[in-house]
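Down below is the structure, laid out as structure tokens.
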Amino acid sequence: MFFRKTKIKPRHREIAGYIKTRWTHLAFAIVCMLVVSASTAASAYIIKPVLDDVFINKKEDMLKLLPFAVLIIYFLRGLGLYGQEYFLNYLGQVIIRKIRDNLYSKIQDLPLSFFEGEKTGELMSRLSNDVNIIKNMVSTTITSTLRDFFTICFLIGVIFYQIWSLALFAVLVLPLAFYPIVFFGRKVRKVSTGCQEAMAEMNSFAHETLVGAKIIKAFSMENYEKKRFYEKTAFIFKMEIKNAIVKALSSPVMEVLAGAGVAFIIWYGGSRVISGVYTTGTFISFLASVIMLYDPVKKISKLNNAVQQGLSAVDRVYDIIERKSDLEEKKDAVLIEKQSHFVTFEDVWFRYNGCDEYILKKINLSVKKGEVIALVGMSGGGKTSLVNLIPRFFDVSKGRVLIDHIDVRNLKLSNLRDQVAFVTQEPILFNDTIYSNIAYGKRDASYEDVVLAAKSAFAYDFIMDFPDGFDTVIGEFGNRLSGGQKQRLCIARALIKDAPILVLDEATSALDTSAEKIVQKALENLMQGRTTFMIAHRLSTISNADRIVVIENGEIAETGTHLELLEKNGSYKSLYELQYLESAT
Ligand SMILES: Nc1ncnc2c1ncn2[C@@H]1O[C@H](COP(=O)(O)OP(=O)(O)OP(=O)(O)O)[C@@H](O)[C@H]1O
Ligand SMILES: [Mg+2]
């Protein structure tokens with residue numbers, strides 16, 4: 001009756017599978033719960049001999065025996081409660097860990113296009129908040145369906161044993177108590193999903209504005225952002241209160257029902273005690289059992305709420321875990337050697353997911369082994385988009401990108417990415433030591449390799465100026481470094497990878513002219529024998545390129561050497577003249 005609307009899906013089976021792998025823990029938890037339930041029932045039962053034998057019949061031997069029995073009952077109950085908590089929490093944490101690991105590993109494996117559609121803070125919310133809700137669902141479900149169910153069974157046993165006719169009445173009335181639960185439970189799932197979404201939204205907002213703290217301060221937008229944050233928390237507040245109300249609505253109905261039941265039993269049973277049909281002990285033990293029944297019944301009634309809330313969290317988490325990647329690796333993917341390569345763009349058209357317009361149109365470009373190609377053109381022309389296709393950060397919409405005549409989509413992804421070293425337009429570093437950042441793509445690099453890469457990227461001197469040298473921790477995103485220093489570390493990181501294809505997207509744009517000249521020299525040495533794509537706005541930095549490709553509005557406008565292009569009197573010449581004039585004035 002509770003799960004009428006819930007279809008069991010593979011995702012639910014998977015979670016059940018995690019529990020099954022720890023069946024011994026589950027079994028111990030069940031034993032402990034049985035002990036707790038039995039001791040609850042025993043403590044209700046023992047009221048009868050206490051009242052009848054000690055207080056009414058005044059038997060002295062019972063006075064010695066019964067306190068001892070009570071002690072044992074409560075001792076066992078304590079042990080059972082401890083074991084149940086321990087084993088259930090253990091199971092819960094196993095589930096949390098598995099789901100979290102799965103989710104994180106899936107997120108890591110999803111292509112870049114996924115990250116553009118998702119907010120970082122929201123993903124973090126799923127990793128922390130939603131996974132916890134799933135754990136709560138599992139532990140509440142297990143405790144309720146097992147411990148509370150056992151307790152109900154044992155207590156029903158006690159009441160039948162004491163006064164079966166009244167027990168029959170209590171048992172017939174009991175199902176009534178579940179009606180409000182089913183009625184209100186349906187609303188809970190809807191409201192919970194809303195709460196979880198609101199929470200994710202707040203996380204995402206907090207993440208973005210904390211990362212962007214500098215800009216917020218620069219534009220004095222603190223108060224504006226605070227206000228926006230307050231709006232989010234106000235919304236969460238509203239949703240959570242609604243959630244609490246929906247969850248609590250079943251309680252008043254249940255209380256009234258329970259009160260009516262107990263009142264009836266006192267009226268009916270009391271008259272029978274007065275007329276001598278039952279002993280006082282029997283009746284009080286019966287009444288105590290009925291009152292004790294209330295608690296587990298109430299807990300089971302809340303089960304539906306926890307399950308509905310949990311299922312909506314399961315969906316939020318598994319919608320990502322089961323997300324299909326649009327960047328599949330073929331089963332018969334091939335491997336290529338790490339050596340000099342041709343790279344060919346064959347009638348390549350490309351647009352980003354969800355965009356109508358093609359960003360790259362009809363690109364035909366063959367790059368020879370070891371050739372240095374410079375890509376120039378106006379901002380937004382499509383240069384970065386073009387080089388992103390080589391390591392399959394994105395897939396072409398039409399046409400093919402080939403490495404040594406093999407379509408990149410036929411290559412094993414890790415093998416393909418081993419072929420390409422990237423210096424991206426934004427220098428992205430991790431909050432780790434300089435050493436680890438440089439050795440990032442080559443964890444087995446020797447100390448000498450790292451020093452050599454740092455020297456070649458003209459980074460060694462500034463690294464040694466730090467008191468901790470290579471062990472300096474550079475802050476989140478490398479925040480403790482200057483723009484130029486970050487760029488040089490990124491170059492060192494690319495150099496150490498020693499890949500046959502090199503992509504330098506504005507790699508030296510943050511350096512001053514003299515530093516740029518030196519790094520440029522280092523890069524020139526490095527480009528020997530490597531197929532290189534060099535994107536630059538400053539045309540002075542591409543003088544050593546074998547060929548220059550001018551990209552305009554996603555199309556190749558011109559190709560040729562510096563001199564050839566100047567002669568053509570086209571886009572390149574205007575770009576050149578613009579910069580020449582700028583530097584001359
Ligand atoms: N992830 C994305 N989703 C949708 N559109 C994008 C995305 N990245 C870039 N674009 C669009 O693609 C076009 C080309 O961008 P691209 O970054 O390739 O230009 P670019 O030539 O590298 O420019 P710049 O010299 O400024 O770096 C731009 O119009 C941009 O708005
Ligand atoms: Mg770019």
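In listed order, ligands and their atoms are each counted from 1. Nothing here was measured: the structure is a model prediction, and the numbers come from that model.
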Quiz item: If you measure from each non-hydrogen atom of Thr384 to ligand 1, which part falls under 4.0 Å: side chain, backbone, both or neither?
Solution: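 Both backbone and side chain.
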
Exercise. Heavy-atom distances under 4.0 Å are what count here, so tell me which part of Glu116 touches ligand 1: side chain, backbone, both or neither.
Key: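 Near ligand 1, Glu116 shows its side chain, while the N, CA, C and O stay back.
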
When you look at [atom1] of [X], are more than 12 heavy atoms from neighbouring residues, nucleotides or ligands closer to it than 6.0 Å?
{"X": "Lys98", "atom1": "NZ", "value": "no"}
{"X": "Lys242", "atom1": "NZ", "value": "no"}
{"X": "Tyr440", "atom1": "OH", "value": "no"}
{"X": "Phe115", "atom1": "CZ", "value": "yes"}

Quiz item: So is His537 in contact with ligand 1, going by heavy-atom distances below 4.0 Å?
Solution: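 His537: in contact with ligand 1 (<4.0 Å).
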
Just list the side-chain donor-acceptor pairs under 3.5 Å for residues 415-426, sequence neighbours left out, or say none.
from, atom 1, to, atom 2, distance (Å)
Asn415, OD1, Ile336, N, 2.8
Asn415, ND2, Ile336, O, 3.1
Arg417, NE, Pro391, O, 2.8
Arg417, NH2, Pro391, O, 3.3
Arg417, NH2, Arg392, O, 2.8
Gln419, OE1, His341, NE2, 2.7
Gln419, NE2, Ile336, O, 3.4
Gln419, NE2, Asn415, O, 3.2
Thr424, OG1, Glu426, O, 2.8
Gln425, OE1, Thr384, OG1, 3.0

Which side-chain N or O atoms in residues 208-222 pair as donor and acceptor under 3.5 Å with protein atoms at least two apart or in another chain?
from, atom 1, to, atom 2, distance (Å)
Thr209, OG1, Phe205, O, 2.7
Thr209, OG1, Ala206, O, 3.3

Any N or O of [X] that comes nearer than 3.5 Å to an N or O of ligand 1?
{"X": "Ser379", "result": "yes"}
{"X": "Phe394", "result": "no"}
{"X": "Gly380", "result": "yes"}
{"X": "Cys355", "result": "no"}

Practice problem: Show all protein N/O/S atoms under 2.8 Å from the Mg ion (ligand 2), or state that there are none. | Solution: Thr384 OG1, Gln425 OE1

Exercise. For atom 15 (O) of ligand 1, grab the closest protein heavy atom and report residue, atom and distance to one decimal in Å.
Key: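 Answer for atom 15 (O) of ligand 1: Ser385 OG, 3.7 Å.
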
Under-4.0 Å salt bridge between [X] and [Y]:
{"X": "Lys568", "Y": "Glu558", "value": "no"}
{"X": "Arg547", "Y": "Glu371", "value": "yes"}
{"X": "Arg228", "Y": "Glu225", "value": "yes"}

Practice problem: Quick one: list whatever passes salt bridge (Lys or Arg N to Asp or Glu O under 4.0 Å) with Arg126, sequence neighbours left out. | Solution: Glu122

